[in-house]
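Below is one structure, written out as structure tokens; comments come after it.
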2 protein chains.
Amino acid sequence: MVTIKKIAEIAGVSRGTVDRVLNNRPGVNAETYHKVKEIADKLGYEPNMAGQMLAARKKKIRLGFIVCDTPVDLFFADVYRAACKKAEELKTYGVTVHFYLIKELSDKVIAPLLREAEEDDLDGIALVPLKMSSVQTFVNKMNARKVPMVFFNLDMEDVQRLSYVGCDYYDSGKVAAGLISLVTREKGKIALATSFDEQSPAFRQRLEGFIKELDEEYPQIEIVNRDSNFVFQKGDYSNILDVVKREGHLEALYIINPGDYSICEEVEKLDKERRIKIITNDVNNKQKSFMDRGIISATIGQQPEKQGALPLQILYDFIGLGIEPANQYLTELSIHIKQNIAGKV
Amino acid sequence: MVTIKKIAEIAGVSRGTVDRVLNNRPGVNAETYHKVKEIADKLGYEPNMAGQMLAARKKKIRLGFIVCDTPVDLFFADVYRAACKKAEELKTYGVTVHFYLIKELSDKVIAPLLREAEEDDLDGIALVPLKMSSVQTFVNKMNARKVPMVFFNLDMEDVQRLSYVGCDYYDSGKVAAGLISLVTREKGKIALATSFDEQSPAFRQRLEGFIKELDEEYPQIEIVNRDSNFVFQKGDYSNILDVVKREGHLEALYIINPGDYSICEEVEKLDKERRIKIITNDVNNKQKSFMDRGIISATIGQQPEKQGALPLQILYDFIGLGIEPANQYLTELSIHIKQNIAGKV
DNA sequence: TTGTACGCGTTATCAA
DNA sequence: TTGATAACGCGTACAA
């Protein structure tokens with residue numbers, strides 16, 4: 001194994017010099033720089049993680065994790081849990097993680113929380129870049145301060161960020177289309193439904209991928225409400241139920257953003273013979289019970305554990321160990337049915 | 001954070017003594033032992049991994065990884081690849097991994113390979129406990145020598161082993177039943193097919209889980225060849241094809257152990273209208289192409305990467321860091337369709 | 001510009 | 001039975 005010490009011996013310089021070269025720190029003669037660099041490259045130097053971690057403890061890295069924490073956001077509850085676990089693990093390496101819990105999705109509630117985060121002078125931040133003015137302002141400020149940020153669950157263009165951890169929503173829609181093709185045997189009428197979330201463009205991307213895949217691969221499947229009437233308001237599913245009633249033989253329903261999932265029960269009441277197969281997103285206890293009862297047929301997960309843990313790991317690796325992350329880490333679009341959901345919730 | 005040094009200070013002894021106590025090494029006065037132990041417990045001492053890893057390099061741990069490597073075993077090719085990657089990673093910690101590649105599944109070929117492994121005097125071994133005399137003998141010998149072993153892909157009862165990494169085949173069969181219920185809309189005729197593998201009881205367990213779940217949850221689905229005629233011989237699919245021909249309207253086919261997958265093409269030739277939905281196991285390039293062509297509808301994966309990497313990690317953690325593993329680590333039964341298979345192969 | 005020395009936490013070895 | 005010390009690889013503060 002190639003160590004700094006070994007390189008120093010071969011190059012005939014001190015360990016300090018080699019360290020300066022490898023970490024691109026100033027104060028090295030150009031000639032020695034090249035000599036050392038060459039040897040290191042040739043021997044294939046890779047810093048030893050154990051040593052790095054041990055040394056990194058002195059840095060006392062402070063990270064922030066901003067996430068919503070409301071009874072209805074079951075997905076983010078899982079994310080939060082995973083982040084807590086990772087935070088505990090990182091303690092050993094001298095890292096402290098500050099959590100900022102969003103209790104309500106309004107600028108009024110979020111703004112003071114983010115002000116707090118600003119003042120805490122963090123070394124790195126993980127957050128969902130919601131399309132809200134308070135969040136946008138915060139992101140811009142942190143960018144100006146050069147504080148590294150990792151986005152999770154949602155990406156944002158035209159903004160400097162270290163990395164993104166989350167799913168590809170367009171592909172998620174395509175997977176939904178594939179599932180619809182399975183349960184319909186590639187033909188028949190189906191419908192769409194979603195709640196509207198102005199803070200996130202995710203459902204639009206899912207919709208796009210879904211329609212694209214269905215049109216291209218399964219032309220015999222007809223979406224009865226593809227251009228209108230698929231968005232329901234919180235608690236009021238009348239327009240969706242009307243569609244279900246109007247169409248005699250609906251084979252399946254893709255619920256993109258189910259809200260609190262009660263729409264599933266409403267649809268089932270209209271569908272005594274259990275003809276309509278419901279496909280939806282994410283995995284949680286409420287869904288699990290609906291699956292057990294045969295109300296939901298399949299669901300598409302997006303690894304909340306990874307979305308909680310990886311951003312913190314990325315920030316630590318970058319700040320503590322100098323490891324550049326990839327531009328994005330896409331979570332797997334896992335398919336869950338009644339039989340393989342047990343261990344997930 | 002609680003360190004050995006801190007405990008030593010509080011207890012008024014040296015670090016060496018604390019180390020002896022924490023690692024249950026002999027040569028400590030009973031009284032000091034209890035005093036130190038108590039303090040460590042009270043403060044909740046957790047060994048620092050970075051420190052341990054740094055120190056563990058001196059042990060020069062030697063691990064063995066025994067796996068089959070033939071053109072037809074696509075699943076184990078993925079396992080092997082993952083193990084190689086993990087071995088590379090472990091090099092940093094002073095671990096060398098010796099690979100023993102089984103080129104043919106016969107005692108004649110395997111016996112000398114395992115003899116080699118015996119002589120290499122390994123500190124720990126990862127292998128599939130095949131039901132073959134050469135393997136059984138080897139396992140017993142290693143057990144007598146108290147060499148820790150981790151089994152992957154297949155577990156074995158009545159044998160001391162450190163841990164098992166692989167799927168639950170019974171549950172795998174249940175997931176297959178769930179998929180069959182999806183593609184059939186819970187009714188109609190389906191058929192079974194599998195190649196026979198005497199070295200592994202896996203397909204029997206899958207079969208059991210499949211039938212159990214189908215009988216209990218989906219009584220309207222009929223397995224036309226549930227008691228006979230579902231095992232095909234290598235390259236000869238006549239009995240299965242006869243079943244397909246005989247039954248006019250087969251909705252689906254569950255191929256448990258597909259062999260080289262060519263059976264899928266044969267079935268498709270008989271099924272011009274693409275009525276029969278094929279469900280099978282594992283994920284690889286051959287399958288992917290069949291999925292793209294619509295020949296296979298869905299497949300159930302069992303995380304070959306995890307089966308390759310985790311056994312080595314477990315052995316290192318145990319031998320190098322003294323971390324006791326769980327009794328088993330079940331891999332996820334992931335469902336793959338055309339749309340979410342891209343990144344997997 | 002370069003070298004030296006210490007500390008991080010754990011383990012092993014040698015001395016007492 | 002115990003203590004002291006060196007070593008692992010890295011980062012950095014300080015000295016030259």
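All values below were derived from every heavy atom in this structure, side-chain atoms included, with hydrogens, water molecules and symmetry-related copies excluded.
- Residue B/T32 places no side-chain N or O under 4.0 Å from the OP1 or OP2 atom of D/dT1.
- A/Y316 and A/Y93 have parallel rings, their planes meeting at less than 30° on a 0 to 90° scale where 60° marks the start of perpendicular.
- Computed from coordinates, the B/N48 CG to D/dC10 C1' distance equals 14 Å when rounded to whole Å.
- Salt bridge A/K91/A/E88: present, at least one basic N to carboxylate O contact under 4.0 Å.
- In this structure, NZ of B/K58 is placed 12 Å from C1' of D/dG9, rounded to the nearest angstrom.
- Looking at heavy-atom distances under 4.0 Å, A/Y33 makes no contact with the nucleic acid at all.
- In this structure, the nucleotide among D/dC8, D/dG9, D/dT2 sitting nearest to the side chain of A/K5 is D/dC8.
- A/R15 places its CZ atom 16 Å from the P atom of D/dA13, with the value rounded to the nearest Å.
- To the nearest angstrom, C1' of C/dC8 lies 13 Å from CE of B/M53.
- Counting any heavy atom pair closer than 4.0 Å across all strands shown, A/K59 reaches sugar-phosphate atoms only and no base atom.
- Along DNA chain D, the nucleotide nearest B/P26 and the nucleotide nearest A/V2 are compared for position; the residue whose nucleotide lies closer to the 5' end is B/P26.
- Contact between the side-chain N/O atoms of A/Q52 and the OP1/OP2 oxygens of D/dG11 is found at a separation under 4.0 Å.
- Residue contacts for A/D19: at a heavy-atom cut-off of 4.0 Å it reaches a base atom on one of the strands shown.
- Taking atom CG of A/N24 as the reference point, atom P of D/dT12 lies 14 Å away to the nearest angstrom.
- Using a 4.5 Å heavy-atom cutoff, the side chains of B/I39 and B/V18 are not in contact.
- Among D/dG9, C/dG3, D/dG3, the nucleotide with an atom closest to any side-chain atom of B/S14 is D/dG3.
- In this structure, A/N29 places its CG atom 11 Å from P of C/dG3, rounding to the nearest Å.
- Contact check, A/T17 against C/dG3: a side-chain N or O comes under 4.0 Å of OP1 or OP2.
- Remark: C1' of D/dT12 and CZ of A/R25 are 7 Å apart, rounded to the nearest angstrom.
- Within the 4.0 angstrom heavy-atom criterion, no nucleotide atom of any strand lies near B/Y93.
- Side-chain atoms of A/R20 and base atoms of D/dG11 include no donor and acceptor less than 3.5 Å apart.
- Defined by atom type and a distance below 3.5 Å, a donor-acceptor pair is present between the side-chain atoms of B/Q307 and B/N153.
- Distances shorter than 4.0 Å separate some side-chain N or O of B/N23 from OP1 or OP2 on C/dT11.
- Look at A/K6 and you won't find any side-chain N or O under 4.0 angstrom from OP1 or OP2 of D/dG9.
- Around the CD atom of A/E38, the shell of radius 6.0 Å holds no more than 12 heavy atoms that belong to other residues, nucleotides or ligands.
- For A/I4, the listed nucleotide lying nearest its side chain is D/dG11; candidates were C/dG9, D/dG11, D/dG9.
- Atom CE in B/M49 sits about 17 Å away from atom C1' in D/dG9, given to the nearest Å.
- Atom CD1 of B/I66 is separated from atom CZ of B/F152 by 8.5 Å, given to the nearest 0.5 angstrom.
- Proximity of B/R57 to the phosphate of C/dT10: no side-chain N or O atom is located under 4.0 Å from OP1 or OP2.
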